[in-house]
Amino acid sequence: METKTVHFDMKAMIPKPDYALTLVDEIADEGINAILVEFEDKFPFDVTAGIHHPCAWTKEEFRRFAEKCKARNVELIPLLQSVGHLDYLLKYPKFRELRDGGPEGSSYQWCLADEASFELWRTMADELLAAFPDTKIFHIGADECRMNVPCERCGANRLDLYVERVARCCRYIQEKGVKVLLWDDVFRKHGEEKFAQLPQGVIPCVWMYGTLDTEYIGRMAARGLEFWGSSSIQGERFYHAMGPQEPRMDNVDAWGEMNERYPQITGHIGTIWGRNQCQSPYKCNLPQSLFMVSYLAETLNRGVIRDREKFIRAFGERFFGMELDYNALITSFCLNPGYAEPIVTELKDKAPRHRDIAEIWYGLNAVDQMLFYLYSGFANNESLLSTFLAGMAPREMTAAWLENVRRSRENTEQGLAELRPLMTKYFPEAVWEEFTDQRFRARLELNEYWRHVISAAALKWDENLKRL
Ligand SMILES: [Zn+2]
């Protein structure tokens with residue numbers, strides 16, 4: 001495998017720029033040699049001035065990041081979406097005119113019949129290539145184009161417009177002597193024969209995050225042209241903090257089998273999606289994924305991992321420099337945070353190496369524990385709602401439940417106050433605040449609602465007693 005890539009999605013809870021330099025060392029040490037950087041609103045494009053995220057890095061910070069990558073032989077692959085996933089731009093009035101379907105249309109993708117959308121993309125691509133002059137590979141995204149958006153200009157020919165536009169973006173980058181990658185799914189879904197309309201040398205990246213469609217992968221190989229695979233090495237659809245690791249290992253194993261079968265697969269991207277869309281809640285981030293980065297690197301460098309438990313044990317001992325029950329730790333992330341807690345606490349307090357990762361695991365596992373506590377409390381309240389409303393809950397019961405409500409709030413507030421100084425060593429304060437707001441604020445407001453309901457139930461019980 002030539003290009004062993006990890007995805008750095010800057011939609012995510014991004015690390016601080018200085019800490020990100022350490023992460024480049026960490027992924028390089030594990031055997032990764034490329035990083036796919038998806039910037040969204042975290043790169044200070046001149047052409048989109050005024051819409052950058054408050055925690056966007058400066059050009060100087062990106063320059064130092066690129067320098068670090070170069071020093072560690074990690075290929076920096078910029079990714080600039082060329083069709084959809086554009087809410088980060090199109091949600092602003094300034095770019096509304098570019099929306100597919102016109103100003104009242106979707107903020108997800110831009111109109112492919114509008115020359116202005118190509119012009120903006122080209123300007124942004126130029127800015128990225130100027131900021132990263134050593135770029136050898138460039139990813140134009142182009143996944144998940146929606147074909148059912150009503151647009152007068154795109155009409156019935158959106159697929160043709162899509163292929164035409166994507167091919168044009170590819171040519172623009174190729175003319176600069178840079179290799180082009182794109183996601184394969186629109187072709188896979190709407191017509192594999194259309195791959196033939198792409199300029200020669202464009203490399204499709206086949207992303208499959210669950211069970212692989214091995215027949216399709218076989219057909220891609222049978223074309224005799226190079227392509228890349230792409231796995232998901234971190235994921236959590238219910239917005240816990242750590243993701244369950246086992247399905248991710250299964251996905252990487254499945255790709256490992258394909259790599260061994262097909263020499264046409266010359267690169268791989270382990271994705272770590274920071275959010276579903278730029279306006280969805282935060283999901284996964286790079287530093288929390290270091291175990292899976294290592295698992296992926298081992299697979300890409302030495303083939304499918306046959307003894308998972310042995311690999312996990314060896315990883316833990318090498319990476320952190322101490323013996324612990326790493327199998328229990330890795331398999332309890334997300335699913336059983338209470339079980340992971342003592343192990344990850346010991347790591348955080350004592351690990352001779354990579355204390356940063358231990359602290360981040362500790363922090364995110366603590367978030368999961370708090371979430372489990374909140375979820376279980378609310379579930380009980382809901383099943384008792386009619387009892388509360390009828391005034392049928394005895395005083396002992398309402399007192400205990402009010403105590404539960406008070407403790408939920410206190411535990412969460414106290415837990416978050418304790419985690420803050422630890423986690424803001426690695427993440428900007430504003431993104432950590434956003435992350436914890438998304439996980440907890442709405443739940444604490446619900447908690448307040450339950451306090452009112454249960455307090456009223458207690459009074460009603462007293463009234464009912466008097467009436468008897
Ligand atoms: Zn259109």
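Computed from heavy atoms alone, side chains included, the values below leave out hydrogens, waters and symmetry copies. One-based numbering, in listed order, for ligands and for the atoms of each.
- Checking side-chain atoms of Glu193 against main-chain N and O of Phe187 turns up no donor-acceptor pair under 3.5 Å.
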(request) Carefully, step by step, assess Phe372 and His240 under the rule ring-ring contact (aromatic ring centres under 6.0 Å, His included). (result) CA-CA 9 Å; Phe372 267 76; His240 293 219; 5.5 Å; yes

(request) Apply salt bridge (charged side-chain N to carboxylate O under 4.0 Å, His left out) to the pair Arg63 and Glu60, showing each step before the final yes or no. (result) CA-CA 5 Å; Arg63 196 192 56 74; Glu60 174 57 20; 2.8 Å; yes

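- Taking 4.5 Å as the limit, some side-chain heavy atom of His53 sits within range of a side-chain heavy atom of Glu434.
- For the Zn ion (ligand 1), protein N, O or S atoms closer than 2.8 Å were enumerated as Asp100 OD1, Cys111 SG, Cys151 SG, Cys154 SG, with waters left out.
- Residues Lys68 and Asp25 are paired through a salt bridge, judged by an N-O separation under 4.0 Å between the basic side chain and the carboxylate.
- A donor-acceptor pair shorter than 3.5 Å can be found between the side chains of His268 and Ser231.
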